[in-house]
Amino acid sequence: MIAHVQGDNINYLKTRSGIMNWLVTVDHKRIGMMYLASILCFFITGGTFAFLFRLELWSPLKEFLTPDQYNQFFTLHGVIMVFLVVVPGIPAALGNFILPLQIGAKDLAFPKLNLTSLYLYWLGAAIALWSIVAGHADQGWTMYAPYSLSQNPAVLWMMVAAFFLGFSSILTGLNFIVTMHNMRAPGMTWYRMPLFLWAMYATGIMQIFATPVLAITLILLLIENFFGIGIFDPTLGGDPLLMQHFFWFYSHPAVYIIVVPGFGIASEIIAAFSKKDIFGYRFVAYSSVAIAIIGFVVWGHHMFVAGQSELADSIFSFLTFFTAIPSAIKVFNWTATLYKGSIDLKTPMLYALQFLWNFTIGGLTGIILAILSVDIHLHDTYFVVSHFHYVAMGSTMVAFIGGIHYWWPKMTGKMYNETVGKIAAWLVFIGFNATFFVQLIMGSLGSPRRYYHYWDQFQIYHQISTVGLVILAIGLFTALINLIGSFWNGSVAPANPWGAKTLEWQADSPPVLYNFTETPIVTHGPYAFETEKA
Amino acid sequence: MDNSKTFWLPEKASTFVDIVDPAFNLYLYISYFFFFLIIILVTVFTIKYLRRRPDQLATAQITHNLTLELGWTIIPLIVVMGLFFIGMKGYLHMRVAPAGYMQVNVKGQKWAWSFEYPSGAVNDTLVVPVNTPVKLALTSRDVLHSFFIPAFRTKADVIPNRWHALWFQATRTGVFPVECTQYCGTNHSYMLTAVKVVEADAYSEWLATASDPGKGKTPEQFGAILYTKRGCSACHSIDGSKAVGPSWKGLFGRQENCGAGGMVMVDEAYIRESMLSPTAKVVMGYQPVMPVFQGVLSDREVVALISYIKTLK
Amino acid sequence: MATASTGLPEHHVAHHFDSAEQEFDSVKTGMWLFIASEIMMFGALFVGALLFHTLHPAAFSEGSSHLNWHLGAINTFFLLTSGLTMGLAVIAAQHGEQGKVRMNLVLSIILASGFLVVKTIEYSAKFEHGTLPGRLWHAHGFTDPFSHIFFGLYFVMTGLHATHVLIGMGMMIWALYRSTQVKFTRGYFTPIEMVAIYWALVDLVWVFLFPLLYLIG
Amino acid sequence: MSSNTENHAGHADIPGHEIPKSTIIGSYFALLFLTAVMLGLSQLNVAKFDIDWLNLHAIRTTLIMGTALIMGLIVSMFLMGLRYESKLLNLTIFLSNFVFLLIFVLFTWVDTSFRGEVDPTFNEKINWTSPVKHEAAGEGHEGAATEAKPAAPAAEAAPAATEAKPEPAKEAAPAAH
C-alpha cells in the first residue's frame, strides 16, 4: 500500500484556497462542488422561466407575455432544465463527489478528463445563454424538423450548446465506468458496492452509447440548416420522421439517464434511515442495468401518432411495457426495506418517501401512455407534460435535493437546520403535487401542451397549477437558504451523522484531499446494519 | 347513454369512445390499486417501525424472499401484457377505416385548417354527416401540425409533402372542437377549428350550397366568404390592426414600401401577384411566411377576393 | 534539452493509481469507451446511409457511379499502411527503441497527410462537377431526383471521417512530442498504444465507409 | 471482473501485452489482399452473366460488405489487440456497440419499410422539388406549384385504394392486405 504524502491531511476545502486553485483543480470533490453550484444556478434560471409562463397562463387571455415570448420561455425552460440541470445533475454533482469516496479510491480514474468535462459543461452553458441573446429560439427542446430548419440563429446556437453538453456528459460517464472497474478498494466486490454506484454504472452505459447519436442528430440538423442536404427537410425529399427517430434514440435513454441516478440516491437514503439492509439487493442492482438496456429499444413510443408504420407502433408499444417491470421491482423493494426497520424521519428520509410517492404516480402515468389506443388520445396533451414532470422533477430533483441534504455534512462539514429542512420538504411535496396532479386531469380532458391560449373550461386547472408552483418555489427557496445558511450558523458535522454503513462515512467530514488517511479494507456489504437484541 | 364530460375524459361523440374509455378506466382502477397499495404499506411501516429511541436498531434484517420477488415481477408482467393486447386490438380499429368511407382532404398550414370536399367545396370547418365513416387525408403546407378531436378521441400528425390518414365515425350531432397538438409556431394555440356533425339530409343540402359558393352571390359577397374559408383571416385583419400580414382595410390604391421591390402601387395586378407568388414583393416589416395560393385559388375566387378588398375602405 | 534517448526521465505512475498495470488497464478501458462513443456516432450515420440506400437504391447507384474509386483505393492503401506503421511504432516503444518510434510516427503522419491530399483532390473534382449538397447543387446529367441526398450524405460522412483523420494526425504529433519528453519502455508505452488504437478506429471506419459509398453502386 | 489488486497472470506489474511483429505485418498484407478482393468484386460486371434466377447484384453487395466485415474484424482483433486482452471488458464494450446499432437500424427499417401498410398514400411524396429535377429532362416529381390530390380517388363511391375488412385480423401484425 502506497502511503500518500503526509502534508495533505487538511480537508479539501481549505488545502489550496484561492479562485485559481479551484479553477484548475483536478480534485473530484471540488469539481463536484463546482458542478453542484452551476447546476443549482441553472435550476433557478430554468425555474424562473417556468414561473413566468405559469403566471402568464393564469388566464386564457394575454397577461404580460406575447405568444412569441411564451414560446421562447417554454423552449428555454425545456432546454435549460434538460441539458443543463437534470441530465448532468446527479451524476456530475453528487456522482463526482461521492463515487470515489464510496469505492475507497483517492480520485476518479482520469482527473484531468473530469476537469475537461466541467469546462465543456461551462462552454455549453455559455453558448446556451448566448443563444437567448442571439435571437429567439422557439422550437421547443425537441427541435423537430422542419420547424427547426428555419435557419433561426438562436436555434443553431442552441444545437451547438447541446453538442458540447452531450460531450461533457460522455466524458463523465466514461470516467465513472473506468473508475468502478479498476479502482475499487481491496475487498470491495461488485456486490459489496452501494446501490448508488450501480445506478451510476447504468447511467454511464447510457451516456456512452446514447449521447453520440445526439451529436450526430445535431450535426445533421446544423448541416441541414446551412446546406439543405435533404435528409430531414421534406421539401427536398427528406423525411421529418427520420429526424424524430434519430432524436428519440438518444432522448429516451436520456430520460433514463435523468431518473436512474435518482433511484440510486433513494436506495441509499431509505436503507440508511431505516437502519436496514436493502431488500433484494441484487434485484435492485440488476433492475438499474436492465432499465439502461431496455431504454434503448423503446424510443418509438414518442411517435405513435407521428405517422410511424403500424407494425413499428405495435413493436414499440410491446417493448415499452417491459420498462415497467424493473421500475415495479424497485418500488416494491424499497417498500419492503421499510419493513421491520427503525425509521428516522429526518429531512433526507422525507425527500426519499416523497420520491416514492411521486415516482409511483410518474411510473403509472407512463405505462398508460404505452397503451396504443389510449395514447392516440393522450399524446401531446398536458397528461404527457405531467407524466414527465412527475418523473424528472418529482422523482429526480426531489431525490437530488434529498441526496444533497443526506451528503451535506460530508460535503461541507456543517449540519443544516433539521426543522427548517422538514418544513421545506413538506412545502415541496404539497406544491409539487398541487402543480402537476391537476395537469393530469386537464390533459386527459384534451388540453394540448405548449398552448398559450386555452379553452375557458381549463382555467381552474391552470390556476391551481400556478398556485401550486408558488408553494413549490417557496419550498425550494427555503431548502436552498437552509443549506447555504448552514455554512455560517450550522453546527460542525461528525464523520457519520446518520450512522450509515457505506464507505464514504468512514472518511472525515469534509474529507481530506485524498479522501482516506489510509486505504480502507472492505469486509462487509454496504448496508450491514445490526439488529435489535430482543 | 350519458355523453357528457366525466372527471377524467371529455364528451363522447364517436365510435372510438367505446375503445378508448373502457381501456382508460380499466387502467385507472389498476393504478388506483397499485398506488394505494404502496402508499398504505409505506405509511403503516413508517408508523409501526418509527424510531422511538435515538439508538434503536432494526428489529430484523430480512434482505430477500424469492417468492415475493418473483411475485412482483410476474404479476406486473401479466398485467402489462394484458394491457398491450387491449391497446393493440383497439389501435387496429382506430387505424383501419371500414369500407364505404367518405373522404375529405385536410390542409394544415401555419395556424389555419382548410377542408376540401370531393365535390370541390372548400370550408374552414369540417362538416360531416352523422353515423357515416369519414376518412381524412391530412397534409401540411409548411411545418408539422397535428389534427386532434378530443370528443372523438382521435389524433394524427400532419406532415408536409405526404398524405396521412385518419378516420372516425361520429355517433351524435353537434359541434366539437378541433385542436393542433404539434407545436407549430407563434399562433399554435390559435390553430383551432370545429367539426360540425349534422344529419345526413342537412349535410347533402349544405354540400350543395358549399360546392358552388359563388352561385347567386356578387363577387364582393363571395370574396367575404372566401376571406374566412381560405384562412386569410388567420393572418390578415380587416379592421386595420396589424397581424401577421398587412391589414386589408384601406389597402387598395395605397403605396406600399416593399424594400428591395421599391415603392409599389397596390392595384389588382399586385394583389393577384401577392396571392399566387407571395414572396415576390413582400411589404417592409412583414415576414415572408404567406403560403403559395397558385393552383389553390381558382381565377373566379381571385377576382372575388380582389373585389372584396376594394370594398374595405 | 533531452540528451540521448537513454537520458530521458522515466515515467512515474500517477499518485491515485496503485500500480502501473492498474494505470494501463484504466487508460485502455477509458480509450475503448471513447472508441465506443465514436463508433456509435459513425454508426448512426451509417444507419442513415443504409436507410437511404434501401429507400432510394437508384439514387445511390447513380451517385456512387460518379465517385472515382481509384482515388478511394489509394486512400485505403494510405490508411492501411499508416495502420501498419502505427503497429510497428507500438512494438518499437515496447522494446524501448525511441528512434524507431519516432521514425514510424513520422511515416504515419506522412501517409495520413497523403490521405488528406487525395481527399482534397476528390473534393475539388466534386466542386467542379457541381455535385454539392442540397441548395448548392448545380450538376448536370443526373436523372434520379434523390441523388442530391446521396452527395449530402457523402460529404457529411467523408467530411466527418477526414476530421477524425486530422485529429489522429494531431495525436501523432503529440505522441512525437511525448517521445522527446519521456522514455518508452516495456513498462510504459501507453501514449503510443492509445494513438495506435485511435488510428485503428479511423481505419475501421474507412474500411466500412469505402465500400458503402464507392463500391456498392 | 477481478478486483484490481490481483496482478496480471504471472509476471508482476508489467502492463499490457506484446503483439508479435509477424502478426502486425501478416494482418497488414491480409488487409491489402482483401481490399484487392473488394475492388475486384466491385468491378465485376454482373450483367455479363445472364443468370436470372440469382439476384447477382445483391450477392455481389453482400460479398463486398462481407469482406469489409472481415477486414474490420482483422483490424479490431489484431491491430487493436482485442484478441490478446485477458479481461473480456474491452471486447464487450466493442461488441455492445454493434448490438445498439443493430437495434437502431432494425427498428428504423421496420418503420420506414412498413409505412403505408394500411394507407398506401402515406408513402407517396407530393409537392416536393428536387434540385436535381431542373437538370433532368423536365419530368421528375410534380412541381411545387400544383397542389396534388392524394392517390386514393376521392370519389364518393367506395374507395378503390384498400378494401379494408371492417373487422381487423386478430394476429399481432397490423391488418396488412
Side-chain angles (χ1 to χ4, degrees), chain A residues 1-2 4-5 8 26 28 100 105-113 166-167 170-171 173-179 181-183 186 204-205 207-217 219-220 223-224 226-233 236-239 242-243 245-246 249-250 514-515 519, chain C residues 12-52 54-56 59 131-137 144-157 159-160 163 194:
Chain A
M1 216 50 63
I2 302 166
H4 57 76
V5 177
D8 284 335
V26 282
H28 67 100
K106 301 185 182 58
D107 201 326
L108 285 172
F110 310 114
K112 293 199 193 71
L113 202 67
F167 203 55
I170 291 176
L171 297 185
L174 187 148
N175 234 325
F176 284 175
I177 290 183
V178 173
T179 313
H181 267 288
N182 289 333
M183 300 175 64
I205 294 174
Q207 283 168 326
I208 295 276
F209 289 109
T211 318
V213 180
L214 171 76
I216 271 298
T217 315
I219 291 173
L220 287 175
I223 291 174
E224 186 76 65
F226 286 122
F227 303 110
I229 46 177
I231 290 187
F232 298 144
D233 188 350
L236 289 167
D239 174 15
L242 187 62
M243 183 270 165
H245 274 295
F246 269 75
F249 183 81
Y250 160 71
Y514 295 119
N515 296 346
T519 314
Chain C
H12 303 295
V13 176
H15 76 88
H16 57 285
F17 286 114
D18 298 341
S19 69
E21 207 241 332
Q22 186 199 19
E23 181 182 43
F24 180 82
D25 278 351
S26 309
V27 172
K28 187 148 202 181
T29 312
M31 196 59 188
W32 268 106
L33 285 167
F34 178 65
I35 299 283
S37 71
E38 293 282 335
I39 290 176
M40 277 307 283
M41 186 154 85
F42 278 103
L45 259 182
F46 277 97
V47 164
L50 278 174
L51 258 175
F52 268 99
T54 45
L55 286 177
H56 313 297
T131 53
L132 295 172
R135 284 187 275 273
L136 313 171
W137 176 279
D144 191 291
F146 292 101
S147 32
H148 65 286
I149 299 179
F150 172 80
F151 281 96
L153 270 171
Y154 165 80
F155 274 103
V156 168
M157 294 170 91
L160 200 62
T163 334
M194 295 311 142

Task: Pick from A/A210, A/G230, A/G238, A/A105 with the largest number of heavy-atom pairs that fall under 4.5 Å of chain C - done: A/G230
Open item on the list: Shorter than 4.5 Å, heavy atoms on both sides: which option in A/L220, A/N175, A/I231, A/V213 has the most such pairs with chain C?
Closed with: A/I231
Check whether any side-chain heavy atom of [X] lies under 4.5 Å from a side-chain heavy atom of [Y], and answer yes or no.
X	Y	value
C/M40	A/Y250	no
A/K106	C/D18	yes
A/I229	C/F151	no

Open item on the list: Out of C/G30, C/A14, C/G152, return the one with the most heavy atom pairs under 4.5 angstrom to chain A.
Closed with: C/G30
- [ ] Count the heavy-atom pairs under 4.5 Å between each of C/T29, C/I149, C/L51 and chain A, then report the option with the highest count.
- [x] C/I149
Gap between atom [atom2] of [Y] and atom [atom1] of [X] - 0.5 Å precision:
X	Y	atom1	atom2	answer
A/H181	C/Q22	NE2	CD	13.5 Å
C/H16	A/T179	NE2	OG1	8.0 Å
A/I219	C/L160	CD1	CG	5.0 Å

Portion of [X] that has a non-hydrogen atom of chain C nearer than 4.5 angstrom:
X	answer
A/Q207	neither
A/I223	side chain
A/L174	both
A/L214	neither
A/F246	side chain
A/F167	side chain

TODO: Counting only heavy atoms closer than 4.5 Å, note whether C/L55 contacts chain A via side chain, backbone, both or neither.
DONE: neither
With a 3.5 Å cut-off and sequence neighbours excluded, list the donor-acceptor pairs that the side chains of residues 31-39 of chain C form with protein atoms.
| from | atom 1 | to | atom 2 | distance (Å) |
| --- | --- | --- | --- | --- |
| C/S37 | OG | C/F34 | O | 2.7 |
| C/E38 | OE1 | C/H164 | NE2 | 2.5 |

Open item on the list: Quick check: under 4.5 Å, non-hydrogen atoms only, which of residues 42-50 of chain C neighbour chain A?
Closed with: C/A44, C/L45, C/G48
